[in-house]
Number of protein chains: 2
Amino acid sequence: MLSTTEENYLKALVHLSVEKGIKDAGTNELAGVLHLKPATVNVMLKKLREKKYVTYEKYGRITLTSAGRKMAIEIIRKHRLWETFLFDKLGFDWDEVHEVAEQLEHIQSKKLIDELDRFLGFPMVDPHGEIIPNAKGELKSVPKQLMSSVEEKKSYVITGVKNDETSFLKYLEKLGCRIGKSFRVAGIQSFDRSIEIEMEGKSTLITSEVAGQVYVRPRRVS
Amino acid sequence: MLSTTEENYLKALVHLSVEKGIKDAGTNELAGVLHLKPATVNVMLKKLREKKYVTYEKYGRITLTSAGRKMAIEIIRKHRLWETFLFDKLGFDWDEVHEVAEQLEHIQSKKLIDELDRFLGFPMVDPHGEIIPNAKGELKSVPKQLMSSVEEKKSYVITGVKNDETSFLKYLEKLGCRIGKSFRVAGIQSFDRSIEIEMEGKSTLITSEVAGQVYVRPRRVS
DNA sequence: ATTATAAGTTAGATAAGTCTAACATTCATA
DNA sequence: TATGAATGTTAGACTTATCTAACTTATAAT
């Protein structure tokens with residue numbers, strides 16, 4: 001059984017790798033996301049290595065082992081199921097769920113989480129649009145949807161791009177469109193199929209050419 | 001904000017006082033219910049006294065202050081609401097809820113517990129028949145019911161006695177009837193209104209005279 | 001009233017997880 | 001390729017909560 005602290009380290013490693021797009025991490029990076037000092041992380045890393053949850057060598061990079069990854073995904077599953085519970089059943093706002101789920105994710109009970117999953121109707125995505133791993137730790141892929149097929153007034157999360165030419169990505173960056181960003185469809189122009197989206201309070205126009213190159217998934221809102 | 005450990009000490013003090021019927025406790029008693037050593041408890045007691053949650057003097061008895069009692073009741077409220085959630089919504093068995101609720105009761109979020117209360121329909125008793133304190137920390141009294149008015153096949157908890165003569169209490173003790181004990185009504189004889197109850201696997205006959213002196217409340221069962 | 005036993009206390013040790021300060025290594029680039 | 005900045009490591013200290021072993025006080029029974 002892992003301590004809450006150990007669980008947080010493993011989870012942070014997955015989040016780092018997802019955000020950075022690489023599978024390994026450094027002591028300073030990890031310390032940064034955990035809001036701890038590098039010296040502290042260094043000590044814990046030796047412990048996690050001892051327990052076979054990470055591999056790393058002195059002055060080297062940190063990588064999760066498959067056991068470590070499995071544990072981390074289990075914690076992420078719990079986090080996202082609790083977020084869904086808070087949002088769907090208890091009427092929490094989208095931005096309030098994370099903090100409480102950070103605590104709930106460490107409750108130890110297999111039955112609890114499996115029954116919660118069932119109670120919620122085996123949801124595939126959490127209120128932020130993030131995919132919820134299933135009980136086997138698989139990230140079932142949610143059907144791919146292009147931004148060009150969104151509906152007015154609904155909310156989505158950007159999940160990927162079809163085209164990864166630098167110039168295109170730079171343009172997306174300029175528009176503020178990054179993986180993980182959420183937006184709401186304010187309107188769609190019928191004559192050119194351009195889409196007006198609201199993202200972080202700003203309104204942006206997306207042409208149909210761009211929308212056809214960006215993947216999204218629905219996000220639940222209150 | 002109290003640590004999980006501190007919360008457990010306060011909660012244990014309330015439970016001890018309820019079970020013993022007295023308001024104070026000793027170091028050894030407290031160590032016993034917490035499964036810790038007296039020396040450990042002694043150290044923590046100084047800390048809780050410092051924080052004004054208990055009063056006690058060297059070699060004296062331990063008493064909760066009103067602040068300490070308030071905190072403890074809040075934790076008990078959380079524990080019982082979570083038990084109700086697990087039982088009513090997630091299909092846990094009566095005997096499975098306690099262990100998980102021990103973990104859930106330490107989650108810190110006022111909104112969480114108030115919304116949970118609402119989601120559950122402001123229940124008055126938990127699956128064990130224990131009264132759930134309300135958000136103000138009041139123990140609303142559940143309507144008194146005599147054992148003589150129970151219904152067949154239903155389950156109840158013994159909550160008190162109308163008569164507290166020693167001889168009567170000794171007799172109850174012999175029957176295994178103590179406050180907090182749960183039983184199921186196996187059958188009621190119509191000609192003498194005697195009640196056959198099942199308690200801890202054993203079947204016992206209760207006369208209508210005895211049943212008229214014992215208070216009970218309904219317990220929920222699966 | 002004395003004394004054995006039960007209850008309570010103290011001191012010092014241990015483990016987990018954190019910190020600071022000092023030191024070591026790696027890497028980018030001038 | 002030498003070197004300064006960024007990154008990583010170590011040692012030692014601190015806090016919380018626990019323990020054991022030794023000691024002190026209270027209590028109950030002869």
Pairing of E83(A) and R80(A) as salt bridge, 4.0 angstrom limit
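Salt bridge absent between E83(A) and R80(A).
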Going by an N to O cut-off under 4.0 Å, is there a salt bridge joining R118(A) and E115(A)?
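Looking at R118(A) and E115(A), the cut-off is met.
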Proximity to the side chain of [X] - top-ranked nucleotide from [options]:
X      : options                  : answer
R61(A) : dA7(C), dT18(C), dG8(D)  : dG8(D)
A39(B) : dC19(D), dT10(C), dT7(D) : dT10(C)
L36(A) : dT18(C), dT9(C), dT18(D) : dT18(C)

Roughly, in whole Å, what's the span from [atom1] in [X] to [atom2] in [N]?
X      : N       : atom1 : atom2 : result
K51(B) : dT16(D) : NZ    : C1'   : 10 Å
N8(A)  : dA16(C) : CG    : P     : 17 Å
E6(A)  : dT18(C) : CD    : P     : 10 Å
E29(A) : dG8(D)  : CD    : C1'   : 12 Å
Y56(B) : dG8(C)  : OH    : C1'   : 9 Å
L16(B) : dA7(C)  : CG    : P     : 13 Å
K37(B) : dT20(D) : NZ    : P     : 5 Å
M1(B)  : dT16(D) : CE    : C1'   : 17 Å

Regarding T27(B), tell me which of base, sugar-phosphate or nothing describes its non-hydrogen contacts under 4.0 Å with the strands shown.
sugar-phosphate
Distance test, side-chain N/O of [X] to OP1/OP2 of [N], below 4.0 Å:
X      : N       : result
N42(B) : dT10(C) : yes
K46(B) : dT10(C) : yes
K58(B) : dT24(D) : no
S3(B)  : dT16(D) : no

Establish, yes or no, whether the cationic atom of K144(A) lies under 6.0 Å from the six-membered ring centre of Y215(A) and within 45° of the ring axis.
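Geometry flag: set, cation within 6.0 Å and 45°.
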Go nucleotide by nucleotide along DNA chain C from the 5' end; which of Y59(A) and Y9(A) gets its closest nucleotide reached first?
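Closest to the 5' end, via its nearest nucleotide, is Y9(A).
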Name the orientation class of the two ring planes belonging to W82(B) and W82(A) (parallel below 30°, tilted from 30 to 60°, perpendicular beyond 60°).
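Rings of W82(B) and W82(A): perpendicular, as their planes differ by over 60°.
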Would a distance-only check, ignoring hydrogens and angles, find a side-chain to backbone donor-acceptor pair under 3.5 Å from S203(B) to E198(B)?
no
